[in-house]
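Notes follow once the structure below has been shown.
Proteins get letters first, then strands, A, B, ... in listed order; numbering begins at 1 in each.
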Amino acid sequence: MDTPGTISCDEELRHWPSDEAQARAVQDRLRSSVRLDESGPQPGFAGTVVGVDVAYDDERDVVAAAAVALDARSLAVVDEATAVGQVSFPYVPGLLAFREIPTVIDALARLTRVPDLVVCDGYGLAHPRRFGLASHLGVLTGLPTIGVAKNPFTFRYAPPGPERGATSPLLDGDEEVGRALRTQKGVKPVFVSVGHRVDLDRACAHTLRLAAAYRLPETTRAADSLCRKALAGA
DNA sequence: GCGACAG
DNA sequence: ATCTTGTCGC
């Protein structure tokens with residue numbers, strides 16, 4: 001049931017924190033395992049880009065995750081998988097990963113191919129402790145990851161130019177933790193940050209390429225759609 | 001203490 | 001995230 005690329009994160013998953021203090025300690029401990037020295041796959045490489053997303057049912061405390069693999073060149077869907085689980089952590093800004101990752105990993109493990117790049121909903125480096133969802137998922141699976149968020153979280157940015165492809169730094173004080181990226185002309189930007197084993201330039205290039213027709217990357221759109229269906233049928 | 005706060 | 005109708009525009 002294990003995908004070769006999703007390395008044995010069993011140990012971390014067994015020791016899942018049960019409160020906020022433990023969760024922050026896990027982030028502080030794992031942060032040094034993030035690899036920021038790799039460029040990551042070239043945009044347009046021959047391989048798959050996988051989008052992951054989750055949906056919740058508050059009444060039943062159920063969470064459904066989806067992983068959808070797209071061919072990196074054609075953006076055609078080549079594989080998809082879902083998983084359903086019990087919500088195991090509340091939503092706390094800065095601790096999103098603890099709510100989403102277990103079910104997301106279950107879904108990823110059900111793909112028939114190892115992803116070459118994973119696109120997460122949310123942040124990676126752009127995080128209060130520099131260890132957001134995308135960073136965490138990258139470290140646990142070993143896979144290259146990036147984060148694409150719809151909101152600037154607590155960070156500041158100057159609006160990028162109006163043209164598609166325009167960017168501006170996403171700032172935590174003086175530090176650039178990511179970029180605001182305009183994926184469509186005249187439309188609100190998305191917020192890109194690196195996760196694991198991918199640099200910021202390529203993270204933005206991949207995001208722009210994946211967002212050829214809409215504001216959000218096709219990976220995100222496909223995963224969002226699929227996890228909602230999975231939740232409805234659970 | 002108050003407000004803000006990925007999904 | 002989720003609750004939710006119509007509506008403006010290409």
Side-chain angles (χ1 to χ4, degrees), chain A residues 16-17 20 23-24 26-27 31 34 51-68 82-108 118-139 145-157 164 169-173 175-181 183-196 200 203-204 207 213-217 219-232 234:
Chain A
W16 213 241
E20 298 185 21
R24 290 192 190 88
V26 167
Q27 292 179 330
R31 187 176 46 231
V34 175
V52 292
D53 193 18
V54 302
Y56 301 97
D57 180 335
D58 289 332
E59 301 304 296
R60 299 180 296 158
D61 267 1
V62 167
V63 52
V68 180
T82 63
V84 174
Q86 212 64 63
V87 174
S88 58
F89 208 89
Y91 170 65
V92 180
L95 301 178
L96 179 63
F98 297 95
R99 189 169 165 78
E100 309 207 333
I101 278 188
T103 316
V104 164
I105 286 179
D106 285 345
L108 281 174
V118 179
V119 180
C120 301
D121 260 42
Y123 282 116
L125 224 213
H127 176 273
R129 287 169 294 283
R130 303 293 179 265
F131 195 72
L133 171 63
S135 320
H136 203 145
L137 184 64
V139 167
T145 60
I146 66 174
V148 179
K150 300 185 262 318
N151 298 295
F153 199 11
T154 61
F155 307 109
R156 300 181 312 100
Y157 71 101
R164 168 174 154 83
L170 185 65
L171 302 170
D172 186 354
E175 185 182 353
E176 182 182 42
V177 293
R179 271 180 210 150
L181 169 66
T183 55
Q184 294 293 323
K185 184 176 182 177
V187 170
K188 176 181 173 176
V190 297
F191 304 90
V192 180
S193 60
V194 301
H196 187 59
L200 187 54
C204 288
T207 302
Y214 299 95
R215 178 188 176 225
L216 297 178
T219 38
T220 300
R221 292 166 46 80
D224 179 78
S225 166
L226 183 58
C227 71
R228 291 185 199 225
K229 290 176 189 168
L231 183 63

Notebook entry, point to check: Can you give the dot-bracket line for DNA chain C, where a pair is Watson-Crick or G-U wobble with both atom distances under 3.5 Å, crossing pairs use [ ], and | marks a partner on another strand?
Noted result: ..........
Could I get a table of every N or O pair under 3.5 Å where one atom is in the protein and the other is in nucleotides 7-10 of chain C?
none

Margin query: Holding to side-chain hydrogen bond (donor to acceptor under 3.5 Å, both in side chains), I want the full list of residues that pass it with A:D106, two or more places apart in sequence or in another chain.
Written below: none
Next item on the list: Please say whether more than 12 non-hydrogen atoms of neighbouring residues, nucleotides or ligands are located less than 6.0 Å from NZ in A:K188.
Entry: yes
Margin query: Tell me the interatomic distance from A:R129, atom CZ, to B:dA6, atom C1', rounded to whole angstroms.
Written below: 13 Å
Margin query: With a 4.0 Å cut-off on N to O distance, would you call A:D53 and A:R228 a salt bridge?
Written below: no
Next item on the list: Would you kindly say whether A:Y56 and A:E100 are connected by a side-chain donor-acceptor distance under 3.5 Å?
Entry: yes
Margin query: Classify A:L95 by what it touches in the nucleic acid, base, sugar-phosphate, or nothing, heavy-atom distance under 4.0 Å.
Written below: base
Notebook entry, point to check: Base, sugar-phosphate, or nothing: which does A:G94 touch, judged by heavy atoms less than 4.0 Å apart?
Noted result: base
Check: Do A:F191 and the base of B:dA6 stack face to face, with centres under 5.5 Å apart and an angle between planes under 30°?
Finding: no
Margin query: Contact list please: residues 52-60 of chain A against DNA chain C, heavy atoms, distance less than 4.0 Å, in numerical order.
Written below: A:A55, A:Y56
Margin query: Could you write out DNA chain B as dot-bracket? Rules: Watson-Crick or G-U wobble, both distances under 3.5 Å, brackets [ ] for crossings, | for pairs with another strand, dot for unpaired.
Written below: .......
Note to self: Tell me whether the count of non-hydrogen atoms from other residues, nucleotides or ligands lying under 6.0 Å of OH in A:Y91 goes above 12.
What the structure shows: yes
Note to self: Applying side-chain hydrogen bond (donor to acceptor under 3.5 Å, both in side chains), can you list everything that pairs with A:R164, at least two apart in sequence or on another chain?
What the structure shows: none
